[in-house]
Colleague: 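What follows is a single structure, and I will ask about it in a moment.
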Amino acid sequence: MSSNYEKYLNFRKQYPIFSYESFHVTRSEKKLQIEFLFVVSEHIKFQPTIIIPARSFYKINELSDEQINLLAFHIGMIEMVSYWKATCSPTVVVKPFALSNEQIEWWKKLYFHGLGEFFYVNEIQTSQSEFMEIKSVSDLVLEKQNFDLDEKIIVPIGGGKDSVVTLELLRKSKLEICPMIINPRGATLNCARIAGFERDQIIEVNRTIHQRLLELNAEGFLNGHTPFSAMLAFVSLLTSAITGMKHIALSNESSANEATVLDQNVNHQYSKSLEFEVDFRDYVKKYISDDFDYFSFLRSLNELEISERFARFPQYHSVFRSCNVGSKEDIWCCNCAKCLFAYIILSPFIDPEKMLEIFGVDLLNNEMLKHEFNQLIGIETVKPFECVGTVDEVNTALNLHIQRFPNHTPTLIAYYKTLPNFHVH
């Protein structure tokens, strides 16, 4: 039995109940703030917040308490999973509003698959039926609401190539678009600025992780990946309501559907997958409103097609970032699978000299990344736990690069050519 699985079993005995106690909404001229309260024990309480600074084009005061509460409650339901995973309490009690049995099953599916990587990495053996029981104890029922929304488009910006392609393609349409950024940083703000949006024209969401969770992580409580894109989905509904903008155009591509663990149903990108998108749209229509339109604008494209389009927008090449390790410093760390994947997938479409300018080094010349390289090309059965493309896309990108730049033979390309299955497509 792994030590983390043993922790999982012990924590479940020690902390049998996790409670979604309440949420509190504050509206002012300066911001909309939502504070949540999650309780595990007398000594373990979490109070994360979502703060949306005011903008001149917001319509916050036109929304009723019922409309705001409906959206805020659901943000709490997805925020909860980040805190629940510390103890994996077997019973979750939801107190603010009632959930039907069908809703409970929907949430259990999202939590279970959204935590697939967390369970896998921590070697936790469980099932969708037994990992959690959700008890709804409130008699207060939230009714579906009607929202007065215009044919305008919100585009969430993550700072990488995908949302840039969405931004640029939609800018050419006749519809009005508006960027949305959670926890703005260098790359996200720079990409929005180059697209023509100053900070006061951007929907800004500041999400805080409660300090108590960081303390528990340091003490050795359970930790791991949670479905960030599902949180983004529910927060985007709130931003849609307060701006009166109907459409929410994500930038999730077809590649997100491939499992990370190739022989198991474990997907780092589950909440970017088509399966989640369809489930989410159904849930919103049944329980929240018929008025929102959440979809991925790039779903029909793969990573290669997106990269080929991104290469046409050189004005973004010096400012976009996809590296999670270097995100706070707004750099490419050039030492992780995410950086290596970004380098490979762009390499057929941007010449090697320009790639050096973008990244600072030739990542295909870094032999220290050979393990990550093997994961990306499918020699290993587990892909990196990052938002990366499919094994086929990576191999196709490498073959295209070799065809287009035959004189560029860094270490990893030379190694690739020695593999028994290597061939130029």
Side-chain angles (χ1 to χ4, degrees), residues 4-5 7-24 34-50 69-120 122 124-142 207 209-210 212-213 215-217 221-231 233-235 270-271 276 279-280 283 286-288:
N4 279 354
Y5 185 39
K7 277 186 186 180
Y8 169 82
L9 296 174
N10 289 335
F11 283 144
R12 285 167 76 83
K13 290 177 184 173
Q14 192 175 352
Y15 304 105
I17 296 174
F18 182 106
S19 175
Y20 177 2
E21 285 285 320
S22 62
F23 65 89
H24 181 70
I34 310 169
E35 184 175 83
F36 305 95
L37 175 60
F38 306 127
V39 176
V40 179
S41 70
E42 184 182 348
H43 302 293
I44 301 180
K45 299 177 182 179
F46 306 108
Q47 291 175 279
T49 58
I50 294 280
N69 285 340
L70 176 64
L71 300 170
F73 167 70
H74 280 96
I75 293 172
M77 285 297 299
I78 190 59
E79 280 286 7
M80 178 171 68
V81 72
S82 295
Y83 298 90
W84 174 86
K85 76 176 190 302
T87 58
C88 294
S89 304
T91 300
V92 171
V93 178
V94 178
K95 293 186 177 180
F97 291 100
L99 293 171
S100 68
N101 290 334
E102 188 179 12
Q103 285 176 287
I104 286 171
E105 288 308 309
W106 189 92
W107 282 103
K108 284 186 67 173
K109 179 185 178 183
L110 169 56
Y111 289 166
F112 184 74
H113 290 289
L115 289 169
E117 175 183 333
F118 167 79
F119 291 133
Y120 179 84
N122 286 295
I124 293 168
Q125 299 165 28
T126 188
S127 67
Q128 189 171 324
S129 60
E130 65 186 19
F131 84 107
M132 170 194 288
E133 179 187 10
I134 299 176
K135 289 185 176 179
S136 176
V137 297
S138 176
D139 294 326
L140 297 173
V141 176
L142 283 167
R207 173 183 179 244
I209 301 294
H210 193 246
R212 188 71 179 103
L213 180 62
E215 292 169 3
L216 294 182
N217 292 343
F221 280 68
L222 293 164
N223 195 13
H225 178 73
T226 56
F228 177 84
S229 297
M231 184 278 300
F234 281 99
V235 170
Y270 172 74
S271 58
F276 170 74
D279 283 354
F280 180 73
Y283 185 94
K286 282 182 184 175
Y287 304 111
I288 299 179

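Only a predicted model underlies this, so the values are computations on that prediction, with no experimental measurement involved. Note: hydrogens, waters and symmetry copies are ignored here, and every other heavy atom, side chains too, is used. Residue indices begin at 1 and follow the sequence shown.
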Colleague: Rounded to the nearest 0.5 Å, what separates atom OH in Tyr287 from atom OG in Ser100?
Modeller: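 Separation between the atoms: 4.0 Å.
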Colleague: So which heavy atom on Ser22 is nearest to which on Pro96, and how close?
Modeller: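 Reported closest heavy-atom pair: CA-CG, 4.0 Å.
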Colleague: Can you confirm whether the side chains of Tyr283 and His74 place a donor and an acceptor under 3.5 Å from each other?
Modeller: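 Result is yes, a qualifying pair exists.
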Colleague: Distance from Cys88 atom SG to Tyr8 atom OH, nearest 0.5 Å?
Modeller: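 The distance works out to 6.0 Å.
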Colleague: What verdict does the ring pair (Phe, Tyr, Trp, His ring centres under 6.0 Å) test give for Phe119 and Phe112, after you've listed the backbone C-alpha separation in whole Å, the side-chain angles of each residue and the deciding distance to 0.1 Å?
Modeller: CA-CA 9 Å; Phe119 291 133; Phe112 184 74; 5.7 Å; yes
Colleague: Starting at CG of Leu115, measure out to CD1 of Ile124 and round the result to the nearest 0.5 Å.
Modeller: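 The CD1 atom of Ile124 is 9.0 Å from CG of Leu115, to the nearest 0.5 Å.
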Colleague: Tell me the closest heavy-atom pair linking Tyr83 and Ile209, and the distance in Å.
Modeller: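 Minimum heavy-atom separation between Tyr83 and Ile209: OH-CA, 3.5 Å.
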Colleague: Compare every heavy atom of Ser41 with every heavy atom of Tyr15, then report the nearest pair and how far apart it is.
Modeller: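 Closest pair (atom of Tyr15, atom of Ser41, distance): CE2-OG, 4.1 Å.
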Colleague: Just verifying a value: how many Å separate Asn223 CG and Phe118 CZ, rounded to the nearest 0.5 Å?
Modeller: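 Asn223 atom CG to Phe118 atom CZ measures 7.5 Å (nearest 0.5 Å).
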Colleague: Taking the side chain from Arg212 and the backbone from Ile44, do they hold a donor-acceptor pair closer than 3.5 Å?
Modeller: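 Judged by distance alone, no pair lies under 3.5 Å.
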Colleague: Measure the shortest side-chain to side-chain distance between Lys45 and Glu21 over non-hydrogen atoms and say whether it is less than 4.5 angstrom.
Modeller: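 They are not in contact (no side-chain heavy atoms under 4.5 Å apart), so the answer is no.
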Colleague: Using a 4.5 Å cut-off on heavy atoms from C-beta on, say whether the side chain of Val94 contacts that of Val137.
Modeller: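 No; the side chains remain at least 4.5 Å from each other.
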Colleague: For the ring pair (Phe, Tyr, Trp, His ring centres under 6.0 Å) test, which of Phe73, Trp107, Phe228 pairs with Phe234?
Modeller: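 Among Phe73, Trp107, Phe228, the one that satisfies the ring pair (Phe, Tyr, Trp, His ring centres under 6.0 Å) with Phe234 is Trp107.
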Colleague: Between Leu110 and Ile78, is there a side-chain heavy-atom distance shorter than 4.5 Å?
Modeller: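 They are in contact (side-chain heavy atoms under 4.5 Å apart), so the answer is yes.
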Colleague: Find the distance between CD (Glu35) and CD1 (Ile50) and round it off to the nearest 0.5 Å.
Modeller: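 Answer rounded to 0.5 Å: 11.5 Å.
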Colleague: Could you give the side-chain donor-acceptor pairs of residues 129-136 under 3.5 Å, partners two or more places apart or in another chain?
Modeller:
| from | atom 1 | to | atom 2 | distance (Å) |
| --- | --- | --- | --- | --- |
| Ser129 | OG | Ser127 | OG | 3.2 |
| Ser136 | OG | Leu99 | N | 2.8 |

Colleague: Could you grab the distance from atom CG of Leu9 to atom CG of Asn4, nearest 0.5 Å is fine?
Modeller: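 The distance works out to 11.0 Å.
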Colleague: Less than 4.5 Å apart, side chain to side chain, heavy atoms only: is that true for Phe38 and Pro48?
Modeller: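 A side-chain contact under 4.5 Å exists here.
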Colleague: How far apart are the closest heavy atoms of Leu216 and Phe46, and which atoms are they?
Modeller: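 Leu216 and Phe46 have their closest heavy atoms at CD1-CZ, 3.6 Å.
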Colleague: What pairs with Lys286 under side chain to side chain contact (heavy atoms under 4.5 Å, CB included), at least two apart in sequence or on another chain?
Modeller: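 Counting only residues at least two positions away or on another chain, Lys286 forms a side chain to side chain contact (heavy atoms under 4.5 Å, CB included) with Glu102.
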Colleague: Please give me the minimum heavy-atom distance between Tyr111 and Met80, naming the atom from each residue.
Modeller: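 Reported closest heavy-atom pair: OH-CE, 2.9 Å.
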Colleague: With a 4.5 Å limit on heavy-atom distance, are the side chains of Asn10 and Lys7 in contact?
Modeller: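 Counting from C-beta outward, Asn10 and Lys7 never come under 4.5 Å.
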Colleague: Verify, without hydrogens or angle tests, whether Lys85 (side chain) and Ser82 (backbone) share a donor-acceptor contact under 3.5 angstrom.
Modeller: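 It does hold such a pair.
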Colleague: Minimum heavy-atom separation for Tyr5 to Gln125, with atom names?
Modeller: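 Residues Tyr5 and Gln125, closest heavy atoms: OH-O, 3.4 Å.
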